[in-house]
Student: 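Encoded as structure tokens, here's the structure I'll be asking about.
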Protein chains: 2
Amino acid sequence: MRNRAEVPTEVFRKLPAEKRERIISTAVEEFAEHGFHQASINRLVKRLGIAKGSIFQYFTSKEGLFQAVFDHCVDQARKPLREIKHHPEGMGFFDKIRATLEAGIRFVRAHPQAYKLYLKMIFQENFPYREKLLSRLHLFSADYLEDLIRQGIEKGEIRKDINVPTAVFFLDALLDRFIQAYVVAFWDASSVIHQAKDEDLKKHIEEFVKLIRSGLEAKTNEHTC
Amino acid sequence: MRNRAEVPTEVFRKLPAEKRERIISTAVEEFAEHGFHQASINRLVKRLGIAKGSIFQYFTSKEGLFQAVFDHCVDQARKPLREIKHHPEGMGFFDKIRATLEAGIRFVRAHPQAYKLYLKMIFQENFPYREKLLSRLHLFSADYLEDLIRQGIEKGEIRKDINVPTAVFFLDALLDRFIQAYVVAFWDASSVIHQAKDEDLKKHIEEFVKLIRSGLEAKTNEHTC
DNA sequence: AAAGATAATGACCAGGTGGTCATCAATCTG
DNA sequence: CAGATTGATGACCACCTGGTCATTATCTTT
């Protein structure tokens with residue numbers, strides 16, 4: 001956070017926007033493909049067709065480059081997050097869940113590399129700025145879902161006897177995993193979500209929300225009525 | 001698969017069991033901590049107090065060592081998997097889900113390093129034998145869950161109108177993520193599952209299964225009856 | 001056009017990697 | 001005990017890494 005303005009050097013900031021973008025987006029690809037340590041500056045500069053020394057004139061170090069890449073991705077993610085948070089008040093709880101899923105899919109479609117980078121960071125413990133990323137994301141996902149659930153309870157859409165933290169975890173797991181399955185093939189055991197077309201995706205979102213809403217159990221209402 | 005008998009050299013197989021185990025389990029730690037590429041043979045042999053040359057007399061290459069490590073972990077995982085698959089016939093669907101969760105927790109408690117290694121492999125695309133691992137796991141999780149769900153439908157425990165692949169995905173996501181949250185702190189936004197004690201864990205498993213069973217929606221039975 | 005400032009370059013560096021192999025130590029065999 | 005066989009060893013190799021910096025090229029200003 002501190003010195004963030006210094007991380008891409010002044011030299012880099014003076015570069016034509018076009019070149020700046022090309023460098024950042026190529027670097028995103030490199031990190032998303034290989035993780036932090038396996039990512040290679042040599043390979044990057046070869047892909048870019050510039051000299052290695054230039055990279056270190058633009059960014060103080062590999063870590064500095066990564067920080068710039070990371071900040072770039074966070075910026076990309078900001079808009080959709082706000083968009084989701086400010087859903088119209090009239091929407092019901094399960095509509096909001098559906099909208100969240102749709103916005104998530106929209107994001108990973110628009111920025112697949114950024115999302116891949118996020119996935120890489122999750123399980124590669126020695127990534128720099130891991131803590132920073134995770135705290136930022138927690139701020140979003142957990143708090144957002146808890147708000148949603150409490151509102152849903154107040155409005156009578158959700159059972160009152162529910163354990164809120166468990167429900168937060170429940171939803172977080174499902175939403176996150178749904179998005180992951182769209183991007184990473186093998187998370188999707190039954191191969192229905194991964195890279196699905198719009199129509200099929202809508203159906204699966206519908207089915208999915210239905211499960212979140214009512215669970216798996218067969219209704220026994222007939223017996224009681 | 002081919003040449004699997006050749007992968008740990010005869011020299012290694014002649015070693016006293018004690019030393020063999022120490023080498024494998026230290027290697028598991030190294031790979032679980034650092035992933036494949038970041039794992040260092042130099043560091044490993046230093047930890048073990050043996051010469052680097054020895055490792056290459058025991059295993060043909062770093063990849064060979066990893067294969068041995070991997071096979072070792074799969075062997076560790078086999079017993080609990082079988083145990084789960086052969087649950088007593090009398091058990092209801094949701095009891096089986098509960099038992100699956102409990103068995104999963106028991107496994108990661110007994111072999112945390114093996115599980116960490118699995119997590120590392122998931123998002124590190126250039127890991128060797130990734131396909132092999134994933135196909136093995138799919139065989140378990142998806143097929144097993146599908147069986148369970150179909151049985152549950154036949155017995156009338158699960159709604160008949162359910163979309164089976166979606167339900168498989170739904171369950172797979174939840175079970176997997178529950179186990180992950182026990183091991184990896186930050187998956188557990190609300191910090192209730194991670195490394196929980198037996199009593200608390202039982203409660204959370206109960207709450208969790210309740211959600212899987214009935215979903216989030218408030219029951220509206222009162223109105224209809 | 002000349003002078004000065006700024007940016008691009010790639011040979012070079014120290015350090016680490018997986019892997020090799022001649023040498024040495026120990027055990028087994030006759 | 002002598003000879004042979006096997007296993008342990010670590011100096012060494014080629015290669016790659018992030019990072020440096022003197023040199024060169026380009027642009028700006030006068």
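In what follows, every heavy atom counts, from backbone to side chain, and hydrogens, waters and symmetry copies are set aside. Note on naming: letters A, B, ... go to the chains in the order of the sequence lines (proteins, then strands), and numbering restarts at 1 for each one.
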Student: So if I take every side-chain heavy atom of B:Lys19 and compare against D:dG18, D:dA8, C:dT17, which nucleotide ends up nearest?
Tutor: D:dA8

Student: Without decimals, in angstroms, what is the distance between A:Lys46 NZ and D:dT17 P?
Tutor: 8 Å

Student: Taking the six-membered ring for Trp, are A:Phe66 and A:Phe127 ring centroids under 6.0 Å apart?
Tutor: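 Yes, ring centres under 6.0 Å apart.
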
Student: Does a salt bridge link B:Asp147 with B:Lys96, judged by any charged N lying under 4.0 Å from a carboxylate O?
Tutor: no

Student: Expressed in angstrom and rounded to an integer, what is the separation of B:His37 atom NE2 from D:dT17 atom P?
Tutor: 12 Å

Student: Taking only the side-chain nitrogens and oxygens of A:Ser54, find out if one of them lies under 4.0 Å from OP1 or OP2 of C:dA8.
Tutor: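 Answer is no, no contact under 4.0 Å.
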
Student: Given atom CD of B:Gln38 and atom P of C:dG16, what is their separation to the nearest angstrom?
Tutor: 13 Å

Student: To the nearest Å, how far apart are B:Arg43 CZ and C:dG18 P?
Tutor: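 To the nearest whole Å, that distance equals 9 Å.
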
Student: For D:dG7, does either OP1 or OP2 sit under 4.0 Å from a side-chain N or O belonging to B:Tyr58?
Tutor: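 So the side-chain polar atoms of B:Tyr58 never come under 4.0 Å of the phosphate oxygens OP1 or OP2 of D:dG7.
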
Student: Spell out yes or no: do the side chain of B:Lys14 and the base of D:dG7 have one donor N/O and one acceptor N/O closer than 3.5 Å?
Tutor: no

Student: Are B:Lys62 and B:Phe36 in a cation-pi setup, meaning NZ or CZ lies under 6.0 angstrom from the ring centre and within 45 degrees of the ring axis?
Tutor: yes

Student: Any idea which of C:dT9, D:dA8, C:dG18 is nearest the A:Ile50 side chain?
Tutor: C:dT9

Student: Thinking salt bridges, do B:Arg47 and B:Glu29 make one under a 4.0 Å N-O criterion?
Tutor: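 A salt bridge is present here (some side-chain N lies under 4.0 Å from a carboxylate O).
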
Student: What's the closest nucleotide to the side chain of A:Val11 if the choices are C:dG18, C:dA8, D:dG10?
Tutor: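 From the listed options, C:dA8 comes nearest.
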
Student: Would you kindly give the CD1-to-P distance between A:Ile41 and D:dG19, to the nearest whole Å?
Tutor: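 The distance from CD1 of A:Ile41 to P of D:dG19 comes to 7 Å, rounded to the nearest Å.
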
Student: Choosing from C:dT9, D:dT17, D:dG19, which nucleotide comes nearest the side chain of A:Asn42?
Tutor: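 Per side-chain heavy atoms of A:Asn42, the pick is D:dT17.
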
Student: A:Ser61 side chain: which of D:dG19, D:dG18, C:dA8 is closest?
Tutor: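 The nucleotide sitting nearest to the side chain is D:dG19.
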
Student: Please tell me which of the listed nucleotides, C:dG18, C:dA8, D:dT9, lies nearest to the side chain of B:Lys52?
Tutor: C:dG18

Student: C:dA7 C1' sits how many Å from A:Phe59 CZ, rounded?
Tutor: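 In whole Å, C:dA7 C1' and A:Phe59 CZ are 15 Å from each other.
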
Student: Between A:Phe31 and A:Phe70, is the gap from one ring center to the other below 6.0 Å?
Tutor: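 So the answer is no for these two rings.
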
Student: Rounded to whole Å, how long is the line connecting atom CG of B:Leu65 with atom C1' of C:dT17?
Tutor: 15 Å

Student: Once hydrogens and angles are ignored, does a donor-acceptor distance under 3.5 Å link the base of C:dG19 to the side chain of B:Lys62?
Tutor: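 In this structure, the two groups form no donor-acceptor pair.
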
Student: Taking atom P of C:dT23 as reference, at what distance in whole Å does atom CD of B:Gln57 sit?
Tutor: 16 Å

Student: Side chain of B:Ala51, heavy atoms from C-beta onward: which of C:dA8, C:dT20, D:dG10 has the nearest atom to it?
Tutor: D:dG10

